[in-house]
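Structure record follows, encoded as structure tokens.
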Amino acid sequence: MLRRALALALLLPALLLSGCARGPAEQELTRYEASFLDVFDTVTTIVGYAPSEQEFEDTVREIKQQLEEYHQLFDIYNDYPGLNNLKTLNDSAGESPVELDQRLLDFLEFCKQIYEDTAGSVNVAMGSVLSIWHEARERGINDPAAATLPDMAELEAAVEHTSIQCLKIDRESGTAYLDDPQASLDVGAVAKGYALEMVCQTAPEGLLISVGGNVKATGAKPDGSSWVVGLQDPDGGTGEYLHTVYCTGSSVVTSGDYQRYYTVDGVRYHHIIDPDTLMPAGRWRSVT
């Protein structure tokens with residue numbers, strides 16, 4: 001069972017029908033699509049039907065703003081003026097509790113619950129290990145000729161600081177705290193999907209929203225038909241699909257080994273790390 005699926009999983013291309021449709025009130029609606037790159041370091045695409053372009057743009061603007069807020073809250077790399085986020089929490093490990101936004105506290109409680117529900121298979125406290133792999137991968141991508149694997153002794157030392165129990169949440173004071181000074185959180189396995197689900201709770205019905213490998217339909221198309229999502233062939237090119245999935249109010253989430261990787265001595269090493277071996281997992285090419 002995979003224990004980790006990091007950020008920047010594959011973008012699921014949506015096989016979408018174009019043209020017009022009529023809703024329950026027989027109002028003519030036009031299909032619109034918008035894409036942007038501002039959140040979670042990946043492409044977000046929103047597709048839907050609306051009476052006018054302006055109405056669709058207003059919807060996109062609201063969804064984008066909410067996604068940007070979650071992006072900033074969940075960011076482990078960047079600071080934002082006047083905002084305590086996950087980077088703030090990581091930077092304060094072993095020092096003092098950090099007052100956090102209610103949405104971030106909700107998310108951290110969700111992460112702890114997911115750890116329990118999956119018997120530890122999803123552990124956001126793996127940051128100390130994942131940061132070593134991230135740095136090695138970035139070096140390898142920037143200078144392929146000098147690409148190397150992380151030192152196993154360094155990884156084994158880091159894994160000693162990955163207990164989810166080091167994350168303390170105090171709802172009464174509105175704070176969280178990492179009591180291990182060498183611990184850090186990396187929420188790439190769950191951040192995009194969680195943020196998308198939260199935003200879609202208040203989004204209009206009848207949209208298809210894709211944030212990287214996370215696709216959510218907020219309802220059927222106006223004519224009652226399903227949205228169609230293509231599942232990419234890991235061994236094929238863009239636009240080559242193994243399956244298609246029909247959805248009206250569900251999510252389709254995929255992570256694979258074929259878009260986020262680097263090469264060392266002719267061998268590809270992807271971004272999904274198995275904490276049992278501290279190496280990229282080799283069980284499957286792609287999981288949806």
When rounded to the nearest 0.5 angstrom, what distance separates [atom1] in [X] from [atom2] in [Y]?
{"X": "Met279", "Y": "His270", "atom1": "CE", "atom2": "NE2", "answer": "9.5 Å"}
{"X": "Ser255", "Y": "Asp257", "atom1": "OG", "atom2": "CG", "answer": "9.0 Å"}
{"X": "Ser184", "Y": "Leu89", "atom1": "OG", "atom2": "CG", "answer": "10.0 Å"}
{"X": "Ser163", "Y": "Met126", "atom1": "OG", "atom2": "CE", "answer": "12.0 Å"}
{"X": "Cys111", "Y": "Leu185", "atom1": "SG", "atom2": "CG", "answer": "7.5 Å"}
{"X": "Leu196", "Y": "Ile63", "atom1": "CG", "atom2": "CD1", "answer": "9.0 Å"}

message: Under the criterion side-chain contact (heavy atoms from CB on, under 4.5 Å), I'd like the reasoning laid out for Glu160 against Gln182: C-alpha separation, chi angles, the key distance, then a yes or no.
response: CA-CA 9 Å; Glu160 297 300 317; Gln182 297 186 58; over 6 Å; no
- prompt: Got a sec, which residues hit salt bridge (Lys or Arg N to Asp or Glu O under 4.0 Å) with Glu156, two or more places apart in sequence or on another chain?
  reply: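 Salt bridge (Lys or Arg N to Asp or Glu O under 4.0 Å) check on Glu156 returns nothing, list empty.
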So, for [X] and [Y], which heavy atoms are closest and what is the spacing to 0.1 Å?
{"X": "Gly256", "Y": "His271", "answer": "O-CE1, 3.2 Å"}
{"X": "Leu207", "Y": "Trp227", "answer": "O-NE1, 3.8 Å"}
{"X": "Pro150", "Y": "Tyr262", "answer": "CD-OH, 3.9 Å"}
{"X": "Ala191", "Y": "Phe107", "answer": "CA-CZ, 4.1 Å"}

task: Start with the C-alpha gap between Glu62 and Gln66, add the side-chain angles, then the distance that decides, and say whether side-chain hydrogen bond (donor to acceptor under 3.5 Å, both in side chains) holds.
output: CA-CA 6 Å; Glu62 176 63 27; Gln66 292 182 52; 2.9 Å; yes
message: Please verify the inter-ring angle class for Tyr194 with Tyr70; under 30° counts as parallel, over 60° as perpendicular, anything in between as tilted.
response: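 If you compare the ring of Tyr194 with that of Tyr70, the planes turn out perpendicular.
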task: Carefully, step by step, assess Tyr32 and Glu53 under the rule side-chain contact (heavy atoms from CB on, under 4.5 Å).
output: CA-CA 7 Å; Tyr32 296 100; Glu53 185 175 6; 3.7 Å; yes
query: With sequence neighbours left out, which residue pairs that include part of residues 92-101 fulfil the salt bridge (Lys or Arg N to Asp or Glu O under 4.0 Å) condition?
result: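 Qualifying pairs: Asp101-Arg103.
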- prompt: Pairs in or reaching into residues 108-132: which pass salt bridge (Lys or Arg N to Asp or Glu O under 4.0 Å), with residues at least two apart or in two chains?
  reply: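 As it turns out, the salt bridge (Lys or Arg N to Asp or Glu O under 4.0 Å) pairs with a partner in residues 108-132, which skip direct neighbours, are Glu109-Arg171.
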Flag if over 12 foreign heavy atoms under 6.0 Å of CD, Glu138: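 Correct, the count exceeds 12.
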Neighbour count above 12 (heavy atom, 6.0 Å) for Asp38 CG: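 Yes, the 6.0 Å shell around CG holds more than 12 heavy atoms from other groups.
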- request: Just jot down the side chain to side chain donor-acceptor pair (under 3.5 Å) partners of Asp151, sequence neighbours excluded, or say none.
  value: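 Partners of Asp151 by the side chain to side chain donor-acceptor pair (under 3.5 Å) criterion come out as none, since no residue qualifies.
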field: side chain to side chain donor-acceptor pair (under 3.5 Å) partners for Ser35, two or more places apart
entry: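 Residues passing side chain to side chain donor-acceptor pair (under 3.5 Å) with Ser35: Thr45.
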query: Passes side-chain contact (heavy atoms from CB on, under 4.5 Å), Asp235 versus Tyr258? Steps please.
result: CA-CA 8 Å; Asp235 297 312; Tyr258 50 95; over 6 Å; no
- prompt: side-chain contact (heavy atoms from CB on, under 4.5 Å) with Thr254: which of Leu231, Val229, Val215, Asn214?
  reply: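 Of the listed options, the one satisfying the test is Leu231.
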- prompt: Which one of Ile209, Leu67, Thr59 satisfies the side-chain contact (heavy atoms from CB on, under 4.5 Å) criterion with Ile46?
  reply: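 The single option meeting the side-chain contact (heavy atoms from CB on, under 4.5 Å) with Ile46 is Ile209.
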Are [X] and [Y] grouped together when hydrophobic residues (ILVMFWY) are joined by side-chain heavy atoms under 4.5 angstrom apart?
{"X": "Tyr261", "Y": "Ile272", "answer": "no"}
{"X": "Val267", "Y": "Leu278", "answer": "yes"}
{"X": "Tyr246", "Y": "Leu242", "answer": "no"}

task: Under the side-chain hydrogen bond (donor to acceptor under 3.5 Å, both in side chains) rule, what do Asn85 and Tyr80 come out as? Steps first, then yes or no, please.
output: CA-CA 8 Å; Asn85 61 4; Tyr80 300 91; 5.7 Å; no
task: Would you check if Ser128 and Thr162 make a side-chain contact, meaning some heavy-atom pair closer than 4.5 Å?
output: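 Sidechains of Thr162 and Ser128: in contact.
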message: Measuring only between side-chain heavy atoms, which start at C-beta, is Phe36 closer than 4.5 Å to Glu68?
response: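 SC-SC contact between Phe36 and Glu68 ruled out.
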query: Got a sec, which pairs hit ring pair (Phe, Tyr, Trp, His ring centres under 6.0 Å) with one end in residues 145-192, sequence neighbours left out?
result: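 Sorted pair list comes back empty.
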